[in-house]
**Student:** 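A single structure is presented below for examination.
Heavy atoms only: backbone and side chains are in, while hydrogens, waters and symmetry mates are out.
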Amino acid sequence: MLLNHEEMLTYYTARELTLDAAQGARSSRGATKTLPAAQIKKLLDSRNDREVLDGLRKVTSMMYRSQPCLTFFSSVVKNVASPNIEIKKLVYIYLLNHAEQEPDLALLSINTIQKSLSDGNPQVRALALKTMSGIRVPVISQIVSLAIKKGLGDMSPYVRKAAALAIPKCYRLDPNTLPQLLEYLSALLGDKQYYVAGAAVKAFMEICPDRIDLVHKHYRGLVKKLVDMDEWSQLITLRLMTIYSRKCFPKRTRRVRATKSNGSKGFYDDEEEQEDEETSEVVQVLDPDLELLLKSIKPLLQSRNSAVVVAVARCYVNLGTQEYINSSIGPLIALLRGPSDIQHIALYNIVSVCLTRPEAFVKYASHFLVRATDPPQVWELKLEVLTLIFPHGDAYLKSIILNELEHFSGGSDKELVREAVRAIGRCAQSDARTSARCLRLLLKQITSLDGNLVAESLTVIRHLIQQDPESHTNTVIRLAKNLDTATNPRARASIIWLVGEFAGGDGENNIAPDVLRILAKGFADEAEPAKLQIVLLAAKVYLHHLNRTNTTPEVIKPAPPPSNDYSYDGVNEGFAEFSEKVEQPYAEPEPEHPIVVLWNYILLLARYDTSYDLRDRTRLYKALLAVPSSTQLASLMLLAPKPVPHTPSPSEGRTGFTLGSASLVVGEDSGLHGLRGYEALPTWVAAGKEPDPSLRDTDPAKAEYGEQRVIPAGERLDSAIKDTRGGSPSKTNGFGVASAPGKEKTLDDWLAESDAEEESEEETDGEEEGSEEEESGEEESEEDESDDDDNEHDRLVK
């Protein structure tokens with residue numbers, strides 16, 4: 001049975017597809033098997049495209065398995081002229097990986113690749129440009145530059161995008177080509193296609209990020225094309241716009257009078273002026289071009305890419321007013337619905353914003369409640385956010401947060417319990433009205449069997465007591481009773497230090513001497529931190545005793561100088577300090593008093609301790625209190641009022657880093673200036689030193705992205721297709737209208753041409769009507785002439 005032509009084509013197409021599928025399945029099953037080199041060369045030298053493709057796949061597989069495949073270089077490169085695009089792709093991949101090792105052979109393929117730049121397929125042209133710029137042979141730098149120049153005028157935006165991405169590669173190949181590349185880059189930044197402009201911005205940030213002068217005339221066009229770019233182009237363009245705004249728009253502020261709640265005025269004019277100054281506030285005034293940027297990127301807050309959302313929030317935080325910052329907080333909170341790794345990064349950025357503007361996060365407090373499935377790095381940051389917004393919430397929200405922290409402080413996860421205890425302490429420090437409840441929650445933890453938890457709780461309690469020492473006397477007594485059960489050295493040291501701070505109250509009825517007496521019995525068994533605090537407690541108790549007994553200094557005469565006690569007649573003059581009479585002033589004041597006995601006993605115990613630090617500290621206190629009648633210096637050192645400690649938020653060390661940066665996540669471990677490669681945002685330009693705003697008036701994309709009428713992409717494409725029918729595509733540069741070199745048609749020109757065409761049509765209609773009338777008149781005259789001719793002919797015939 002004979003088949004017609006269409007059936008034969010269908011048959012062979014199906015056969016080809018079946019063979020390709022079988023070949024692909026066989027190659028995937030046998031991918032781990034390596035053919036002999038001779039057989040692979042035979043496949044590469046074959047005239048059948050399928051066998052050549054199979055050989056190239058084998059070589060590519062070997063290449064990505066780090067197997068030596070340089071021996072096939074000549075066999076692979078000679079297939080660069082194949083018309084099959086799949087073969088071209090694999091040959092180009094091979095060239096990009098091995099051109100540096102065989103530069104001479106690679107240069108033989110440059111001529112063929114240059115011919116591909118004129119191929120009718122834009123994908124082939126872009127692939128050739130990408131390959132030529134990726135071959136890292138410095139000799140061809142000028143050829144690459146010419147190829148980029150040719151790609152600039154290509155009608156396909158895909159090729160122009162490849163030209164933009166080839167600019168950094170050419171710059172790395174030969175930095176001397178920078179002047180030429182800057183000209184190309186300036187043209188690409190003003191391209192009407194947003195994905196070409198996005199690639200140009202990437203190249204700009206890589207080779208010349210400081211050349212802000214190239215951006216001036218393209219600023220508004222880039223801002224309006226920003227929403228249409230791909231996500232990676234949006235990220236780099238947002239960074240460029242942030243840097244550009246800092247360098248070109250000064251930060252201007254003005255003072256605005258705030259509305260008064262009471263509405264009362266002073267009787268005198270001075271009082272009115274004073275009230276006006278107190279109720280006025282400073283607001284930021286935005287430049288029109290800066291406001292255009294902030295309004296244009298607002299839709300990007302709904303982006304599916306979390307990095308884009310963070311980048312927009314960075315722009316608003318570093319450039320915008322409080323209204324813009326508030327509008328970015330909701331999308332940042334929405335990132336917490338993502339996976340745990342995205343939650344982790346998003347929380348670092350949220351904490352960074354919350355440190356400066358915590359009141360804006362109060363209404364989102366429920367999103368930071370810890371869940372049972374949260375990993376440690378997530379709930380740690382959530383607890384930090386809760387403590388930051390705690391002082392700005394109402395009583396109901398504060399109660400919820402404290403209940404949450406109380407619940408986790410009694411849990412089984414030790415790390416979570418410790419973080420909850422620290423969070424309770426930070427809440428109590430930030431709001432003094434809730435410190436009593438926080439103290440009650442912390443006192444419940446001192447009976448825990450976890451020594452580290454008890455030590456952490458006591459450290460926080462000590463900070464709270466220092467805020468208001470007079471009202472926590474009973475709390476100190478309660479803590480002193482727990483010395484019998486507390487075993488952690490840090491916990492015991494904290495309690496002993498608190499007892500020493502309250503050693504001067506109630507005179508003789510103070511509990512400090514009794515606590516010292518009990519601790520002296522087990523001094524040898526204490527850990528070094530506790531021993532240091534016991535010695536300090538003994539010094540404070542003894543100093544308070546001296547201050548009470550020396551209320552009248554003139555009654556007690558000072559002890560004679562130590563030099564008068566030595567009567568060695570120069571025999572042992574150099575060693576007189578070792579006489580036993582040196583220690584007598586410490587026992588002379590009131591040897592019968594128990595506090596003096598305790599002091600001397602503690603000195604003897606510490607004198608023979610194994611710790612160098614403890615012995616040195618004991619000598620210091622002994623020297624300070626050597627003269628009982630002179631205790632002013634000792635009082636200044638030991639009894640001076642202590643500043644109220646403030647426990648900072650764990651992320652306060654990250655406030656100097658930019659949102660979205662890796663240094664913000666790494667934190668203090670990244671160093672003072674962040675990780676290597678981190679660049680902080682520039683400071684605001686000073687008023688009067690900013691560039692002339694008229695430089696941004698030249699906007700080549702103004703017509704296409706104008707605010708009068710938004711033309712859909714389909715309509716632009718249809719109009720471009722209609723216009724290209726009358727001209728050669730090679731002369732239209734992809735815009736459908738042949739124009740003078742260096743000048744492109746805008747929407748206004750197109751609309752003007754359409755109006756001119758309508759007028760010309762009307763004129764042609766009028767001309768046609770006139771011509772019809774003239775033709776009718778001519779026909780009538782011709783008929784008359786023909787009648788006259790007929791009459792003349794008849795007359796002559798007669």
**Student:** Does the side chain of T459 reach to within under 4.5 Å of the side chain of R490, using non-hydrogen atoms?
**Tutor:** yes
**Student:** Minimum heavy-atom separation for V460 and G425, please, with both atom names.
**Tutor:**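 Distance-wise, the nearest heavy atoms are CG1-CA, 3.1 Å.
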**Student:** As a test of understanding, state which of I477, T485, D484 forms a side-chain contact (heavy atoms from CB on, under 4.5 Å) with K481.
**Tutor:** I477
**Student:** Under the criterion side chain to side chain donor-acceptor pair (under 3.5 Å), which of R422, R418, Q445 is the partner of E456?
**Tutor:**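 Per the side chain to side chain donor-acceptor pair (under 3.5 Å) rule, the option paired with E456 is R422, out of R422, R418, Q445.
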**Student:** R492 side chain to A530 main-chain N or O, any donor-acceptor pair under 3.5 Å?
**Tutor:**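 Here the side-chain-to-backbone pair does not exist.
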**Student:** For the atom pair CD1 (I342) and CG (L347), what is the distance rounded to the nearest 0.5 Å?
**Tutor:** 12.0 Å
**Student:** Shortest non-hydrogen contact from I401 to L386?
**Tutor:** CD1-O, 3.8 Å
**Student:** Shortest non-hydrogen contact from G500 to L537?
**Tutor:** CA-CD1, 3.5 Å
**Student:** Quick one, T434 with D431, criterion side-chain contact (heavy atoms from CB on, under 4.5 Å). Give me CA distance, side-chain angles, the key distance, then yes/no.
**Tutor:** CA-CA 6 Å; T434 59; D431 189 2; 3.7 Å; yes
**Student:** Just checking, any donor-acceptor pair under 3.5 angstrom between side chains of Q284 and T253?
**Tutor:**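 No, no side-chain donor-acceptor contact under 3.5 Å.
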**Student:** Between W599 and Y621, is there a side-chain heavy-atom distance shorter than 4.5 Å?
**Tutor:**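 In contact.
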**Student:** Using 4.0 Å as the upper bound for N to carboxylate O, is an ion pair formed by R462 and E501?
**Tutor:**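 The answer is no: the pair does not qualify as a salt bridge.
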**Student:** If you take all heavy atoms of Y601 and A520, which pair is closest and at what distance?
**Tutor:** CE2-O, 3.9 Å
**Student:** With side-chain contact (heavy atoms from CB on, under 4.5 Å) as the test, would you mind laying out the steps for W379 and E415 before giving the verdict?
**Tutor:** CA-CA 11 Å; W379 55 249; E415 293 296 328; 4.2 Å; yes
**Student:** Any side-chain heavy atom of S409 within less than 4.5 Å of one from L405?
**Tutor:**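 A side-chain contact under 4.5 Å is absent here.
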**Student:** Side chains of I243 and K247, heavy atoms from C-beta outward: is any pair under 4.5 Å?
**Tutor:**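 Yes, their side chains come closer than 4.5 Å.
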**Student:** Taking the side chain as every heavy atom from C-beta outward, state whether V312 and Y324 have any atom pair closer than 4.5 Å.
**Tutor:** no
**Student:** Under a 4.0 Å threshold between the charged nitrogen and the carboxylate oxygen, would R426 count as salt-bridged to E384?
**Tutor:**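 No, E384 and R426 are not salt-bridged.
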**Student:** Grab the two heavy atoms, one from S651 and one from L381, that are nearest each other, plus how far apart they are.
**Tutor:** OG-CD2, 4.4 Å
**Student:** Main chain of G660, side chain of Y348: is a donor-acceptor contact present, judged purely on distance under 3.5 Å?
**Tutor:**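 Not a single qualifying donor-acceptor pair exists.
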**Student:** Quick one: side chains of residues 351-364, donor-acceptor pairs under 3.5 Å with protein atoms, not counting sequence neighbours, listed by atom name and distance.
**Tutor:**
residue	atom	partner	partner atom	Å
T356	OG1	V353	O	3.0
R357	NE	Q322	OE1	3.2

**Student:** Roughly how far, to the nearest 0.5 Å, is CD1 of I534 from CD1 of I496?
**Tutor:**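 Reported value, rounded in 0.5 Å steps: 4.5 Å.
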**Student:** Less than 4.0 angstrom from a charged side-chain N to a carboxylate O is my criterion; do R619 and D616 meet it?
**Tutor:**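 Looking at R619 and D616, the cut-off is met.
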**Student:** In terms of side-chain geometry, is the basic nitrogen of K531 or D609 positioned less than 4.0 Å from the acidic oxygen of its partner?
**Tutor:** yes
**Student:** Starting from the C-alpha separation in whole Å, work towards a yes-or-no answer on side-chain contact (heavy atoms from CB on, under 4.5 Å) for T242 and T658.
**Tutor:** CA-CA 11 Å; T242 306; T658 310; over 6 Å; no
**Student:** Decide whether Y316 and T321 meet the rule of one side-chain donor and one side-chain acceptor closer than 3.5 Å.
**Tutor:**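 Note: Y316 and T321 side chains miss the donor-acceptor criterion.
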**Student:** Would a distance-only check, ignoring hydrogens and angles, find a side-chain to backbone donor-acceptor pair under 3.5 Å from S649 to E652?
**Tutor:** no
**Student:** Of all residues at least two apart in sequence or in a different chain, which pass the side chain to side chain contact (heavy atoms under 4.5 Å, CB included) check with S635?
**Tutor:** L543, N547, T631, L639
**Student:** For a 4.5 angstrom cut-off between non-hydrogen side-chain atoms, does I446 reach I461?
**Tutor:** yes
**Student:** State whether K398 and D394 are salt-bridged, where the test is any N-O pair (Lys NZ or Arg NE/NH1/NH2 against Asp/Glu carboxylate O) under 4.0 Å.
**Tutor:**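 Salt bridge flag = no for D394 with K398.
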**Student:** Would you indicate whether the side-chain heavy atoms of R239 and L681 approach each other to under 4.5 Å?
**Tutor:**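 Yes, side chains in contact.
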**Student:** Taking atom CD of Q377 and atom CG of D341, what is their separation to the nearest 0.5 Å?
**Tutor:**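 Rounded to the nearest 0.5 Å, the CD-CG separation comes out at 9.5 Å.
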**Student:** Looking at T618, L598, V535, which one forms a side-chain contact (heavy atoms from CB on, under 4.5 Å) with L603?
**Tutor:**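 Exactly one pass, corresponding to T618.
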**Student:** Checking Q343 side chain against G338 main chain: does a donor-acceptor pair fall under 3.5 Å?
**Tutor:**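 Yes.
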**Student:** Is it the case that the side chain of S430 and the backbone of C427 share a donor-acceptor pair, with hydrogens and angles ignored and the cut-off at 3.5 Å?
**Tutor:**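 Such a contact is found between S430 side chain and C427 backbone.
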**Student:** Just wondering, do V310 and I345 contact through their side chains at under 4.5 Å, heavy atoms?
**Tutor:**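 I345 does not reach V310 side chain to side chain.
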**Student:** Kindly compute the distance separating CZ (R314) from CG (N349), expressed to the nearest 0.5 Å.
**Tutor:**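 Taking CZ in R314 and CG in N349, the distance rounds to 9.5 Å.
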**Student:** When rounded to the nearest 0.5 angstrom, what is the spacing between CG in L519 and CG in D525?
**Tutor:**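 Answer rounded to 0.5 Å: 12.0 Å.
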**Student:** Nearest heavy-atom pair of P513 and I595: which atoms, and what distance?
**Tutor:**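 Minimum heavy-atom separation between P513 and I595: CG-CD1, 4.4 Å.
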**Student:** Fit a plane to each ring of H593 and H545, take the angle between them on a 0 to 90° scale, and name the class: parallel (under 30°), tilted (30 to 60°) or perpendicular (over 60°).
**Tutor:**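 Correct class here is tilted.
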**Student:** Please determine if R654 forms a cation-pi arrangement with F657, meaning its NZ or CZ atom is less than 6.0 Å from the six-membered ring centre and no more than 45° off the ring axis.
**Tutor:**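 Negative - R654 is either too far from the ring of F657 or too far off its axis.
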**Student:** Using 0.5 Å steps for rounding, measure from the OG atom of S435 to the CD1 atom of I465.
**Tutor:**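 Separation between the atoms: 11.0 Å.
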**Student:** Do K444 and S457 pass the side-chain contact (heavy atoms from CB on, under 4.5 Å) test, and can you show the C-alpha distance, the side-chain angles, and the key distance before you say yes or no?
**Tutor:** CA-CA 9 Å; K444 295 179 182 179; S457 302; over 6 Å; no
**Student:** Quick one: does D374's side chain have a donor or acceptor within less than 3.5 Å of a partner on R371's backbone?
**Tutor:**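 Confirmed, D374 side chain pairs with R371 backbone.
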